[in-house]
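Structure, as structure tokens:
Chain identifiers are assigned alphabetically (A, B, ...) following the order of the sequence lines, protein sequences preceding nucleic acid strands; residue numbering begins at 1 within each chain.
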Protein chains: 2
Amino acid sequence: MNNIFENISEKEKIKLLNLLEAHETFFKKDKDISVNVKDMDTLCIVESGLVQILKTDVNGNRTIIEEIEENQVFGNSIYNIMDSDYTIITKEDTEIIVLDYKTVMSKEERPVYYNHFIKNLLDIYKDKIRQCNDRITVLTNKSIRDKLLAYFNLLRKGAKTTIIYLPFSFTDLADYLAVNRSAMSRELTNLRVEGLIEIQGRKIKLYYDKER
Amino acid sequence: MNNIFENISEKEKIKLLNLLEAHETFFKKDKDISVNVKDMDTLCIVESGLVQILKTDVNGNRTIIEEIEENQVFGNSIYNIMDSDYTIITKEDTEIIVLDYKTVMSKEERPVYYNHFIKNLLDIYKDKIRQCNDRITVLTNKSIRDKLLAYFNLLRKGAKTTIIYLPFSFTDLADYLAVNRSAMSRELTNLRVEGLIEIQGRKIKLYYDKER
DNA sequence: TGCAAATTGTTGCAAGTGCAACAAAACAAA
DNA sequence: TTTGTTTTGTTGCACTTGCAACAATTTGCA
């Protein structure tokens, strides 16, 4: 994952934040910070800590849209987080740098570190596009089985390894795949019985070929 | 949809393309241009015409991933189109500007029009992220009915209008929603019979509240 | 204009999935 | 450790969906 301050020294970072008219804010763990970042065309950088973007659907179910880690960005300039069904909360004590997107883009003065910043921002956007496309690739499979296999293939992408580690719980995986948890559990059992996979907690061994 | 040459005059555009070491190429309609754009970290601009990015799945079914129109971009810098299951074809006579992403980003000289270009590129990336997120929002609904309603709501987003126009055929819509076409057709009939919608070709009238 | 191709609507059937409910297991906190 | 909470596995049942096959309609092209 690309870092918004890649190739920018600590000294340059201070100058950069000054140039971009940044406001730093601290938040305690488990705070709803929606109001602080929703009201304009913001670009927010997580300087330290962890932020979650949640969505509440019509039935009241909250799902995690995304987790934003250190040196990653979020904000209205990317998501439609203005929508009232989105909530932004801190999962740890968190330090956030709030920028105004228009201000950032309209700077006349563009030192080298500014250019690095913009390049990093582009790379982060590309990461997000790739992530979204990956998820779409998984979601466009019609059956739970195919979704699972597509997802497992993503995790072992490139690597020849047949061992993968789920980055979250099975409950969350069902959410990510947009399927019923117990139906997914049933399908995992089927895959296990058929000898295609072996499950040990979040560690899964794959016994099938990539092109399946 | 943002335009890669927004706020850039014709004169500036010529200078810009020169600065970025652009190569222009013409292609006839219905040509597979995969080989021409896959081999490096490219950023391709469709100067005129229309390009489709297709994906062939394990069963040999081809689906349209995206259509790239005039003044829009595609390339390895965004998609993993290197993967052999992706194909890029022209749907009309098409003029493409091929840039090397690294060259573009490492320019020392940065005239105003270059900065506009980068800002436009960022805006285009944001558009893509929004598009992807919209599709994910639709795809994460579990039933065909909910997918349809979520999609219709997207189309009437903001607008109070209860009349929407599908941007593609029902066959393609089924593809977009990742559901079986005839099952979708059945569900559309249900919605029609229940009086929630009215269908006239690609024009659909909605008779239900937004928050449904 | 007329023909071929593509799109749409419909249906029966089998298979897959969502849902609810519950027990077992794993995890976390006191 | 004990206790309470969350996650996981399982199952029956109803309902949804995918699939295949076909007719009707629309579209596009020669």
Self-check item: Worked check of side chain to side chain contact (heavy atoms under 4.5 Å, CB included) between B:Ile33 and B:Ile89
Solution: CA-CA 6 Å; B:Ile33 63 171; B:Ile89 60 168; over 6 Å; no
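Counting non-hydrogen atoms of neighbouring residues, nucleotides and ligands closer than 6.0 angstrom, the CD atom of B:Glu10 reaches no more than 12 such neighbours.
You'll find the ring centres of A:Phe152 and A:Tyr208 outside the 6.0 Å limit.
Among all heavy-atom pairs drawn from A:Lys126 and B:Tyr125, the shortest one is CG-CE2, 3.3 Å.
B:Met184 has its CE atom 12 Å from the P atom of D:dT17, to the nearest Å. Rounded to an integer number of Å, the gap from CZ of B:Phe170 to P of D:dT26 is 13 Å. In this structure, B:Glu187 atom CD and D:dT16 atom P are separated by 8 Å, rounded to whole Å. Per the geometry, CG belonging to A:Asn180 stands 9 Å off P belonging to C:dA20, to the nearest Å. The distance from atom CZ of A:Phe168 to atom P of D:dT8 is 11 Å, rounded to the nearest whole Å. What separates CZ of B:Arg181 from C1' of C:dT10 is a distance of 10 Å, to the nearest Å. The interatomic distance linking A:Leu188 (CG) with C:dT17 (P) rounds to 12 Å, in whole Å. What separates CG of B:Leu166 from P of C:dT7 is a distance of 14 Å, to the nearest Å.
Along DNA chain D, the nucleotide nearest A:Arg192 and the nucleotide nearest A:Lys142 are compared for position; the residue whose nucleotide lies closer to the 5' end is A:Arg192.
Under 3.5 Å, the side chain of A:Arg186 and the base of C:dG18 form at least one donor-acceptor pair of N or O atoms. For A:Ser182 against C:dA20, a side-chain N or O and a base N or O form a donor-acceptor pair under 3.5 Å.
Residue B:Ser169 is in sugar-phosphate contact alone, with no base atom involved, counting any heavy-atom pair closer than 4.0 Å across all strands shown.
Distances shorter than 4.0 Å separate none of the side-chain N or O atoms of B:Thr171 from OP1 or OP2 on C:dA6.
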